[in-house]
Amino acid sequence: MPSAAPMIVTLDGPAGVGKSTLASRLAGELGIAFLDTGAMFRAAAFTLGDGAWDWTQGILQQKLGDFEFTLRGSGKDTELLLNGSPMSADIRTEQVGRWASQLAVVPSVRAYMKMAQIFLGQVTPLVAEGRDMGTVVFPGAAHKFFLDADPEERARRRCGQLTAQGKPADFDAILAAIRERDDLDRNRSIAPLRPAEGAVVVDTTHLNEDQVLAQVLAAVRA
Ligand code: DC
């Protein structure tokens, strides 16, 4: 008899809504790995560089053929590896986020990422977070969530994180970058950001991290 497919929980939502933190904590509670699919797009954008979204589909396909993503560990200790190495902290800048968003509209890039993500979900139970996890990549997931929050609140949170790390934080610039990425991610023709059919929508604008985790965990365990 074939064994059951691994359990998948999907978390989708816009930039800065807190998906990565929630995915890591939820995965810890469930004792499984989490998959930060934004990091996959960021790693591709960082490795291929500025303007890669203008390359031909053929060249992009060929370059992406050299990428292999794997997962190690679980909960907050989950590590996403690219060709056997952990992700560089350099993928986390606003600039690389914007490049990732531009690269993410390219059909061959989306097709490659979807295939790589489905493969990971076939071998490991996952909390998968991104923009199109519930709509496109794992439409049959056991549990689907869509997190949202006002852009101003997301910008405030991002400023708080940067300040806590001793880095400069310009609220207006961060808010403008969040709005720009929302626009790119929600209005693209392939896999636009939107709640999946059957997803539980959680507006986190007035909730703290613990409250969001409690709501999502209760829904998974219900
Ligand atoms: O979640 P993030 O900010 O790290 O994602 C960076 C960009 O990658 C995001 O603006 C759009 C793209 N992305 C995507 O198109 N689909 C995903 N599943 C995850 C990220």
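One-based numbering, in listed order, for ligands and for the atoms of each. Side chains included, hydrogens not; waters and symmetry mates left out as well; all remaining heavy atoms used. In this chain, residues are counted from 1 in sequence order.
Between Arg181, Gln117, Arg188, it is Arg181 that holds the heavy atom closest to atom 10 (O) of ligand 1. Which of Ala44, Ala191, Ala104, Gly13 comes nearest to atom 12 (C) of ligand 1 through a heavy atom is settled by distance: it is Ala104.
Ligand 1 has a nitrogen or oxygen under 3.5 angstrom from a nitrogen or oxygen of Asp132. Ligand 1 has a nitrogen or oxygen under 3.5 angstrom from a nitrogen or oxygen of Thr37.
Relative ring orientation between Tyr112 and Phe69 is described as tilted, the plane-to-plane angle lying within the 30° to 60° band.
Considering Arg186, Arg181, Lys19 as possible partners of Pro14, the one that fulfils the side chain to side chain contact (heavy atoms under 4.5 Å, CB included) test is Arg186.
Here is the list of ligand 1 atoms found below 4.0 Å of a heavy atom in Gly130: 18 (N), 19 (C). Near Met133, meaning under 4.0 Å from one of its heavy atoms, ligand 1 places the atoms 18 (N). Every atom of ligand 1 is numbered from 1 in the order shown, and the set under 4.0 Å from a heavy atom of Asp185 is 9 (C), 10 (O), 11 (C).
Taking 4.5 Å as the limit, every side-chain heavy atom of Glu129 sits out of range of all side-chain heavy atoms of Leu147. With a 4.5 Å cut-off on side-chain heavy atoms, Met7 and Leu30 count as touching.
No donor-acceptor distance shorter than 3.5 angstrom exists from the side chain of Asp185 to the backbone of Leu193, with no hydrogens or angles considered.
A salt bridge links Glu153 to Arg157: one of the charged nitrogens lies within less than 4.0 Å of a carboxylate oxygen. A salt bridge links Glu152 and Arg179; the closest N-O separation between the charged side-chain nitrogens and carboxylate oxygens is under 4.0 Å.
Annotation for Gln165: atom CD counts as buried by contact number, over 12 foreign heavy atoms lying within 6.0 Å.
At the top of the distance list for atom 8 (O) of ligand 1, counting protein heavy atoms only, stands Phe41 CB, 3.5 Å. Ranking protein heavy atoms by distance to atom 9 (C) of ligand 1, first place goes to Arg131 NH2, 3.3 Å. In this structure, atom 16 (N) of ligand 1 lies nearest to the protein heavy atom Arg110 NH2, 3.1 Å. Scanning the protein heavy atoms around atom 4 (O) of ligand 1, the nearest turns out to be Arg42 NE, 2.6 Å.
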